[in-house]
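One structure is given here, and the rest of the page talks about it.
Predicted model only: the values in this text are computed from it and were never measured. Counting starts at 1 for both ligands and their atoms, following the listed order.
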Amino acid sequence: MKQYLQVDEWSIIEDSFDPSTQEISESIFSIGNGYMGQRANFEERYSGRSLQGSYMAGVYYPDKTRVGWWKNGYPEYFAKVLNSTNWIGIDVVIDGEPLDLANCSVKEFVRELNMKEGWLSRRFTAVLDGGRELRVEAIRFVSVKRQPIGAIRYAVTPLNFSGSITFTPYLDGDIQNKDANYEEKFWNEVEKQAYASGGYLTLKTKKLDFHVTSAMAYRLEKDSQPVQAESTFAEREKYVAGSLTAAAAAGETLTLYKYVANVTSRNYGLGQLVEAARDQLEEAVQDGFDVLKQEQAVAWAEKWKESDIVIEGDPAAQQAIRFNIFQLNQTYSGEDDRLNIGPKGFTGEKYGGSTYWDTEAYCVPFYLSTADASIARNLLIYRYKHLQKARENARKLGFTKGALYPMVTMNGEECHNEWEITFEEIHRNGAIAYAIYNYVNYTGDRAYLGQYGLEVLVEISRFWEQRASRSTAKGKYVILGVTGPNEYENNVNNNWYTNRIAAWTLEYTLEVLEELEKSEPARYAELLETLKLENEERAVWKDIIANMYYPYDEERGVFLQQDGFLDKELIPVNELSPEHLPLNQNWSWDRILRSCYIKQADVLQGLYFLGHLYDLDTKKRNFDFYEPLTVHESSLSPCLHNILACELGYKEKAYEMYLRTSRLDLDNYNNDTEDGCHITSMAGTWMSVVQGFGGLRVMQGELVLNPFIPEHWHSFSFKVMFRGARLKVNVQGETVSVVNETETPAAVRIYGQSFKLDGLSEVHTRKSEAEANV
Ligand code: BGC
């Protein structure tokens, strides 16, 4: 773990160039706008190690699977988010010598990701052959307001020489996914044209026929004035470019502006792509770089208004939390319910950019609290739209009714094929049901249940009904052969979490049915008809709820992660000598599976989700038992432990877990940031501050807060959107204040005391005072 980034509250800053961390920086300094994303590759050619990455949301490739031992039921493909046209490229040649930071010495290098205004900049001096020094200042962004638009300003100043400089801005579609299973290229060219000051290129995926058109326009200025340049343009297979050559004397600056519009067949008909790209491009060019950049700052200010967290007294923690919020907002913007959140967002190829249970378990709370409710609702509707595919998936595995959502998906089909994940991590169905509860509980939008939610719940319940089987020996329902959230155990029987979330789904479904019968009888009748729901099914569900088997250890008073867990040798992680860690890099899989070590919250995941159903003592006993056995080798783990530790008053543990989640990528904690940032666990970091230190829950329509402040912090504050109101919660020492920044009234409960907050009003209290008033 090498810490090489500067601490700054609003920016990520790298102040020297080190090729060995280039790929890590390419991930960290990524930019995105929910519609597309771009790793922080250099604009000019770079022959050193680099993962070139330009991604368009929702454009993927069904790459033919590669597995050793094929199992019936496996999907034929693994979906890959597609690395598409490199639209940022600008070759720079100085008196015949190409600029390439791998082939010259570099000084005064600074790269900055400005999170406040949403742009990436880089400045450096390159020392070329013969000691000629060239100053470069580049800045770029992908527009939040005009999503297809990317804009680059690239300025070059010869410092101690005069010379001729050629800029070649290009669009290059000859791109390969690093993670391609057969080293194939996934794109074919459809059409292209290069012309004076611009060009366009349309590519089409070899399967599924996604079309992407990129159109570019560029112009060159010298010292902010148009410059006469020698201009040519070129075309070759999947490539268009233009070249501008001009002379610059020492101290003169040549600035190239490059604008690009990227549009896809997801949003336009095939015949309209070029026109759509060129129209949007033209508008952007007319408005110009400064206007676009100003718009970008305004758009990000709006986002920060709803989602900022301020931590006083700990700049590293401040930077980290903003980085997490920034990346989440760059990844998903919520207007398009066909999109979702890949574990690496647009920052890398790992996990294929596909949707995992991470969305429901970790990301939904972030979007629920930091944006309009429609954004989280769209994440739920995404699964609603995949219901038919989830039914087909269940049939494929031999179930006669119900739905099993995929563990990994792009379009609703399962596309993962390791048996222990594809077939066994069925707990994902529970998280999808839980997200419906979470959304309705948070927003109060009960209409969602009749519109969409109930259908999903009934189909998931039907799956659990068949997946649970009656054990004669136990006289109980059991769920056999599963993998729980802890992937360091496979094919176990009666994973407590899975059994519990299954029974809970049945309970919640029955509750929603009952509610709907009363509140919306006509819709209820319609749904019974559509779903062909029989009374007998409900009777079976009740029987399962009443007779589900939960492994439990009487002596310790803890739920057992699965049958037989206590047969393991229980040695706490802190007694392992450090060279064993991380286990996944040092131990054989066999040794991991037989050990007691837990990759990520499992029983504790259940106690987090269903926290309202368990008392503190139960949570404490289970936390005390499981946390010492947990290696947190999933980035999703520390945040949940932070939240439970906060609730239990384990302040040091809570802070330790917070540090582990919040700077995971900035400090490259898991030594894998070069593959991309851990976007979904960033939502967990947000949860650590808001639900952990802030103690935020929603109970009976009230926003409940039980904050405590880590010793190192002077104060912290966060914003949450809650039922139409935007509330700013500030915690300083014992004092908690909540400011209602909107006109919509809200109900809050602080340390047990309820307050009604009128529009634009505020409340202050202290822990001792509030507790005395309860
Ligand atoms: C975790 C899963 C998670 C996946 C994607 C795995 O390491 O164990 O729970 O869904 O990563 O983030």
Side-chain angles (χ1 to χ4, degrees), residues 27 78-81 179 324 327-328 331-332 340-366 379 383 404-410 414-432 434-435 482-492 495 497-498 501 561 581-585 587 589 592-593 597-606 608-609 626 630-641 660-661 664-665 669-673 675-687:
S27 302
F78 189 88
K80 304 268 160 80
V81 63
D179 66 351
N324 287 269
Q327 288 292 0
L328 286 163
T331 305
Y332 183 74
N340 211 283
I341 304 152
K344 301 277 173 195
F346 299 120
T347 67
E349 295 172 13
K350 200 169 169 204
Y351 295 113
S354 299
T355 308
Y356 285 66
W357 74 303
D358 305 27
T359 295
E360 283 75 19
Y362 293 85
C363 300
V364 162
F366 170 79
L379 286 173
R383 294 292 192 177
L404 174 62
Y405 278 92
M407 185 65 185
V408 181
T409 192
M410 272 292 184
E414 178 63 78
C415 66
H416 193 281
N417 38 29
E418 282 168 79
W419 59 271
E420 63 277 28
I421 292 176
T422 310
F423 304 137
E424 295 205 330
E425 275 202 61
I426 52 175
H427 66 81
R428 75 253 190 174
N429 249 11
I432 290 165
Y434 181 80
V482 303
T483 294
N486 168 23
E487 291 176 341
Y488 287 178
E489 300 274 358
N490 297 153
N491 204 252
V492 300
N495 169 257
Y497 171 75
T498 306
I501 205 73
Q561 189 177 271
L581 297 171
L583 298 184
N584 62 17
Q585 287 170 23
W587 281 14
W589 190 237
I592 289 180
L593 289 178
Y597 300 114
I598 300 172
K599 180 182 181 191
Q600 68 201 90
D602 194 301
V603 167
L604 298 184
Q605 178 78 46
Y608 162 73
F609 273 169
Y626 286 110
T630 306
V631 285
H632 304 291
E633 289 179 14
S634 159
S635 64
L636 300 173
S637 188
C639 57
L640 275 204
H641 288 81
R660 228 169 135 158
T661 178
L664 184 81
D665 288 312
Y669 211 104
N670 284 3
N671 217 5
D672 61 356
T673 300
D675 296 337
C677 296
H678 299 79
I679 300 293
T680 48
S681 90
M682 292 185 178
T685 306
W686 175 90
M687 279 165 37

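- Scanning all protein heavy atoms for the shortest distance to atom 11 (O) of ligand 1 gives Tyr351 OH, 3.5 Å.
- Of the protein's heavy atoms, Tyr356 CD2, 3.9 Å lies nearest to atom 4 (C) of ligand 1.
- Partners of Trp419 by ring-ring contact (aromatic ring centres under 6.0 Å, His included), not counting sequence neighbours: none found.
- Listed by number with element, the atoms of ligand 1 under 4.0 Å from a non-hydrogen atom of Pro343 are 5 (C), 12 (O).
- Remark: minimum distance from atom 5 (C) of ligand 1 to any protein heavy atom is reached at Asp358 OD2, 3.3 Å.
- Nearest protein heavy-atom neighbour of atom 6 (C) of ligand 1: Lys599 NZ, 3.6 Å.
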Tell me which donor-acceptor pairs under 3.5 Å the side chains of residues 351-358 have, and how far apart each pair is, sequence neighbours excluded?
residue : atom : partner : partner atom : Å
Thr355  : OG1  : Tyr382  : OH           : 2.7
Asp358  : OD2  : Thr680  : OG1          : 2.8

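- Among all protein heavy atoms, the one lying closest to atom 1 (C) of ligand 1 is Gln600 OE1, 3.4 Å.
- Side-chain contact annotation: Thr347 with Ser27, donor-acceptor N/O pair under 3.5 Å absent.
- Closest approach of Ser637 and Thr630 over heavy atoms only: OG-CG2, 3.8 Å.
- Among Glu425, Glu489, Glu424, the one residue that satisfies the side chain to side chain donor-acceptor pair (under 3.5 Å) test with Thr483 is Glu424.
- Protein heavy atom at the shortest distance from atom 9 (O) of ligand 1 is Trp357 NE1, 2.9 Å.
- There is no side-chain donor-acceptor pair under 3.5 Å between Glu633 and Tyr597.
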